[in-house]
Amino acid sequence: MLRYRPRGRRFAPRKDAPGQEASRKIAGIEPADHLQEHLDRIRTELGNSPDIIFRQLKLGGASEANCAIVYLNGLSDPEMINHDVMESLLQLSKEFLQKERSPADFLDMVMKDGLAMGESRMSADWNEAMLAILSGDTVILIEGADHIIIAGTQGGQWRSVTEPTSQLVVRGPKDSFVESIATNISLIRRRLKSSQLWLETMKIGSVTHTHVAIMYVKGKADPGIVREIKDRLNRIEIEGILESAYIEEFIQDKTITPFPTIYNTERPDDATSKLLEGRIVVLVDGTPFVLVLPTVFAHFFQSPEDYAQRFDIAIVMRLVRYISFIILILGPSVYIALTTFHYEMVPTQLLISLVAQREGVPFPAFIEAMLMEVVFEILREAGVRMPRAIGQTVSVVGALILGQAVVEAGLITPAMVIVVALTGIASFTLPAYNLSIAGRLIRFGFMVLSGMFGFYGLTLGVIVLIAHMNSLRSFGVPFMSPISPFRLRNQKDAIIRLPFQPLQTQAAESSTGFGASSNQDTSLAGDSDGRMSGSGQQGADGGSASGRGQHTAANGAGGNRNS
Amino acid sequence: MRKHQGLTILIMCCCLGLLSGCWDVVELNKRAIVSGIGVDWKEEEKEYLVSFQTVIADEISGKAGRGATPTSVYKASGKSVVEAMRNASRKVPRIISLAHTGLIVISDRVAREGIIDLFDYLDRDSDIRLNAEVLIATQGQTAEDVVSAMTPIGKITAFALEQKIDLTSGQLGENFRIEVDDVIRGLLTPGGGPLVNGVMIEGSAEKASKMETLKNAKVEGLAVISQMAVFKGDRLVSWLNADESRGTVWIRNKMKITPIHLKLLDQGGEISLEVMRSKTRLLADLEDPANPIIHIHVEPNFSIREVNSAIDLRNPATMKLLEDAASREVIRIMELAVRKSKKVNSDILGFGQAVERSDPSAWRKMKNRWDQLFPRVQVKYHVKPVIRNSQMRDRSVLYKIHNQ
């Protein structure tokens, strides 16, 4: 079990975050003489909870030095507490303890020589102590001391690393993030062994105190965007974070849009490749989905599979995804427009067949399409939420009974069933689920437009949609880059995926060395500083950030996997 | 009110969209798809009689077919096509939709009266396509007969006729596709007129329109493509015969494949060649502006298809002989076409265009006199025939019999 320890608090300490209103009055730990008082206080503050374990003991067995350890059963690792905490405390040198010592000496001694643990720290902050207990750490209190010791004994049960369930590949790594942030960080670190991979953590949620970590590759990630992300994270005021989507909603650029402007993934390889592109990964404790930002539209069409297959095949696969997205959005509406407004555009033979199908169908094409699409959404929703055992029944009922019966009863034309089925299948080709649901929503808008105005409305709708997509920004980076604003240099991994050779050249051009030793770090830092001052400091500033965003948008994703 | 202004405006905008309704929505089952239009002349009322060949989709691909004819013809009369179409609404339960009309048949009678008003309608109408095929029904037959005819292969006569034209222009070379826009271009030709394919009912027109005819292996009535009709201005003046049609097609550079029959005087016997491909260029010589000379350069490639003679095809001299004979035959065919067009004084061969190309300024001057100049135009033929192959054999079996 990998243990997670924040590497230094680089964030400005939050004024009010870790702690309830009530406890702010007693911010420090007074040098109470009575250990029992402290313990009572902990007990009352936590509501006399039976899963808090209080264990009083004497240091080294000596009678003078009373001490106590407090931990939360279930969240901590009992093995560690028994072996590394209790045992070491009890085996402290008796000679030392027998002399007259001040509580501070005891504290010092335990810290320096009495704890066989890598992760422990002293604290004088009551709130920190409480939080430590609630996160599974063990708090050691010593009679008369004005500090407590927090020993990192977090443990407990987590789901183990399994295959991803939402982003599948035929060929590629089969591990997926889990709910434990420590495990997730280790999954990335294992892939990206570089001193340049920086990690910063913070706690968000006034009640849940959820660990949130930011990871980025120093020297590749735009420092302005890193700062902007930290700013936005610090501004979050919420009681609880249970999923990274909560964070996503708070930190995304404020626009009304169905499109996701932050990419999420449950694949460590995907997250790593994005890190290599200079993007920033936000991990949230308790969810296997990590956020990647800044995001561009093309990300939602890239699958890790693209880099595991030959590039020519990957190009075709990716094109299929783009075409599917267009079918998903426009399929039913084009059908409505063609059959109700622009019958002249349908090839004659097809038209005759469509006319024959429509004979005796009671609903107008628009109503027909709406009905079928809604039915399809119902089926899909049922299929997703159903217990897995019943899921198959849903698909059988949906596909066979509904699809066939509806046609045979003459309620819906077979062509409409084909169109709806096609859009349904098309929506499944997208590797990113959140873009596909966005497409499904937009599709209904287009159906209304084409039902009212035909291709005229459809064309206007597409223009508005494209304008809207171009107006989107993800942390200052234009959402549609590098397609618009168009950069030929960055097309290597956007719509198509070129072989690794050019991808790699581009990576080499656009960033300095990577995986460098420590003496190169300074030069890298200097370089990035220079860039910062040179091209505008505000990460959210569209103009300046966009350039860099695109710069990194296309490179790296595959190229660095080579190395 | 003030407080909810934004919301009110939003709701009103949404309502605005709904108020416009569904614009000009027409569901497919409210349309009668017209595949072909026939235009006849009613002598007594001095009106057009327009026949719409409408597709009965059920009979073609639906499950609900009643075994009836795949097309149905609705007739209506009026001073103009539009009037006739509106009159037809008494008979047709659905909107007459002309966008898929593939064929427009005009009777010989109408064509002789003038087609300019008809083509203004066809050109102006937003539904009818400019690439609809135009046919003239042979003298004595009506356009209605043509659009009413059944077709054994394919279900819709109009589309079958379209295919027949494409096929015969590629296989026989006595026709080429003439669409609405071609006719309009023809109408605009100074001193000329359009050239339109003909169509006729072979057999009984009465029986052709009955479903029963399809139950016979020997079809009793069939719409077939006939020779081309020549217009002067917007009036039909004459019909071409087979060779004249072929010559016209050749001069207009539309020749693809056509058979040529040669009689061999020296060796005896006959030989059939086939044009594999051919290229024609018209050049005008305007040295004497009063007497323009048109040079017709033809480069046909032949293939020997049938040899009913004992000649030795291995001999280059024989080949030369054959090429000369073929070249004379080509010239003969083209001369027939030129003679005919001069006779009816209609520049259907594109000579005016050739003059315009070689000297636009001179053409501007003589454009108005082209009517007078055209019959006096001298034509020079330059044929460069090449016999490319003799298919799988060189000599005929006859050669061996003779030389045994």
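Just so it is clear, the values below take in all heavy atoms, side chains as well, and ignore hydrogens, waters and symmetry mates. Sequence lines set the chain letters: A, B, ... in the order given, protein chains first and strands last, and positions in each chain run from 1. Everything quoted here is computed from the prediction, not taken from an experiment.
Options A/I336, A/T340, A/L449, A/V355 differ in how many heavy-atom pairs under 4.5 Å they form with chain B, and the most are formed by A/T340.
With a 6.0 Å cutoff to the six-membered ring centre and a 45° limit on the axis angle, B/R31 counts as a cation-pi contact of A/Y343. Judged by a 6.0 Å distance limit and a 45° cone about the ring axis, B/R90 is not positioned over the six-membered ring of B/Y74.
In the displayed structure, B/M211 atom CE is contacted under 6.0 Å by more than 12 heavy atoms of other residues, nucleotides or ligands.
In summary, B/E27 and B/R94 do not engage in a salt bridge, as defined by a charged side-chain N under 4.0 Å from a carboxylate O.
Proximity to chain A is absent for every atom of B/S35, based on heavy atoms less than 4.5 angstrom apart. Only the backbone of B/L98 comes within contact range of chain A, with at least one heavy atom under 4.5 Å from a heavy atom of that chain.
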